[in-house]
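Heads up, the thing below is written out as structure tokens.
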Amino acid sequence: ADTTVYRASTTAPVNIAVVKYWGKRDAKLNLPTNSSISVTLSQADLRTLTTASCSTIFTSDSLTLNGEDSDISGARTQACFRELRARRAALEEKDASLPKLAALPLKIVSENNFPTAAGLASSAAGFAALVQAIANLYQLPDSPSELSKFARQGSGSACRSLFGGYVAWRMGEKEDGSDSLADLVAPASHWPSMRALILVASAAKKGVSSSSGMQQTVASSGLFQERIKTIVPANMDLMEDAIKNHDFEKFAEVTMRDSNSFHACCADTYPPIYYMNDTSRAAVRAVEAINAKAGKTIAAYTFDAGPNCVVYYLDENKDAVLGGFADALKAVSGFEQGAVAAVAGVIDET
Ligand code: PMV
């Protein structure tokens with residue numbers, strides 16, 4: 001029998017949303033209640049490295065994450081495996097000379113170089129890397145937008161990590177999810193001075209998973225209805241214009257307002273959900289102090305489903321922003337030493 005081990009590796013970057021995805025209209029297919037926009041951050045500082053292999057010598061599908069066996073029985077992972085296998089099987093059917101990989105057990109080995117599930121978008125990079133690695137292994141001809149539909153079923157935000165630069169996830173309207181996919185707003189080269197400062201307020205696993213947080217928000221927040229009806233659609237338009245026009249002040253204002261709106265909806269659920277903590281709020285004040293001192297908006301904070309802060313700024317303002325934070329953080333206990341000042345750029349290649 002053929003005992004070849006077929007193998008392909010890839011890295012996938014994290015993305016941090018500036019207009020947030022929060023809420024599912026279909027939890028099974030991960031179809032969102034609103035569109036979103038994110039920035040893809042450079043892989044040197046934040047990335048997942050994944051190797052996918054398949055062979056007759058493996059006995060079953062498996063996934064190792066940071067050296068530990070991971071459960072693959074979950075519907076999300078299964079959906080990714082199933083979709084990618086179906087795509088490979090279709091190719092094999094058309095071309096009989098192709099090795100029959102779709103039927104072989106898959107072995108996935110994945111490593112993050114940043115805290116997993118601490119609100120640093122690890123699931124986004126994780127599922128994007130898983131999908132891209134298997135797509136490479138299977139030599140699928142699909143475009144990043146096509147692959148984003150598979151990654152979306154693993155973790156919603158993962159669909160945006162199939163692209164570099166500035167990326168939109170269009171919510172779509174179809175029930176089968178065929179139009180809920182990511183596309184490119186602008187490549188990284190469009191705005192090369194964009195930077196992200198990652199402030200780790202806590203590397204602990206988050207308290208309320210994004211899935212259950214979303215479910216609770218959709219079910220019990222009245223404010224959320226306003227968010228998806230008017231606030232996010234307006235923010236999507238403003239943000240796309242800000243990016244196209246290199247308008248940092250607008251980009252920053254929409255980023256901060258959208259983060260505030262998302263966390264306000266979380267606080268509006270019953271019972272309330274608080275992802276931000278005292279350290280997060282100190283970071284908000286630090287950004288405000290930096291902007292006040294500059295006399296204009298040169299820094300923008302944003303928070304995902306956890307206390308860690310990402311601050312967007314332009315490289316020309318790095319002294320004011322990094323210096324301002326160094327001053328502010330001296331007064332704040334709670335930021336984890338050493339991990340405090342990871343700086344990432346925006347990248348194109350994923
Ligand atoms: O992809 P998920 O299910 O982990 O949800 C991510 C949600 C946020 O990070 C809070 C927002 C976003 O758009 O990434």
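From a predicted model like this one, the values you see are computed outputs, not experimental measurements. When a ligand or atom number is given, it counts from 1 through the structure's own listing order. As a basis for the values below, the full set of heavy atoms in this structure was taken, side chains included, without hydrogen atoms, waters or symmetry mates.
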Centroid-centroid under 6.0 Å between Tyr275 and Phe303 rings: no
Which atom pairs, one a donor and one an acceptor, fall under 3.5 Å between side chains of residues 230-237 and the rest of the protein, sequence neighbours left out?
residue : atom : partner : partner atom : Å
Thr230  : OG1  : Glu226  : O            : 3.1
Thr230  : OG1  : Glu226  : OE2          : 2.8
Asn235  : ND2  : Asp258  : OD1          : 2.9

Heavy atom of [X], distance to ligand 1 below 4.0 Å:
X: Trp169; value: no
X: Gly156; value: yes
X: Ser36; value: no

Atoms in ligand 1 flagged as close to [X], the criterion being non-hydrogen separation under 4.0 Å:
X: Ala17; result: 12 (C), 13 (O), 14 (O)
X: Phe262; result: 10 (C)
X: Ala305; result: 10 (C)
X: Met214; result: 3 (O), 5 (O), 7 (C)

Distance alone, cut at 3.5 Å: any donor-acceptor contact between the side chains of Asp315 and Ser193?
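The criterion, which ignores hydrogens and geometry beyond distance, is not satisfied for Ser193 and Asp315.
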| request: Report yes if the side chains of Trp191 and Phe248 come closer than 4.5 Å at any heavy-atom pair, otherwise no. | output: yes
So do the side chains of Asn15 and Phe163 get within less than 4.5 Å of each other, counting heavy atoms only? no
_salt_bridge(Asp278, Arg281) N-O dist < 4.0 Å_ =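 Here Asp278 pairs with Arg281 in a salt bridge, since their nearest N and O are under 4.0 Å apart.
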**Asked** Would you call Lys28 and Glu175 a salt bridge, taking side-chain N to carboxylate O under 4.0 Å as the test?
**Response** no
Linked hydrophobic residues, Ile57 as query - side chain contacts closer than 4.5 Å: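 Result for Ile57 is Val5, Phe58.
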Select the closest option to [atom] among [options], judged by heavy-atom distance.
atom: atom 1 (O) of ligand 1; options: Ser211, Gly126, Ser157, Pro32; answer: Ser157
atom: atom 9 (O) of ligand 1; options: Val14, Thr302, Asp304; answer: Asp304
atom: atom 14 (O) of ligand 1; options: Arg160, Arg76, Arg152, Lys20; answer: Arg160

*Does an N or O anywhere in Lys24 fall below 3.5 Å from an N or O of ligand 1?*
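So ligand 1 has no N or O lying under 3.5 Å from an N or O of Lys24.
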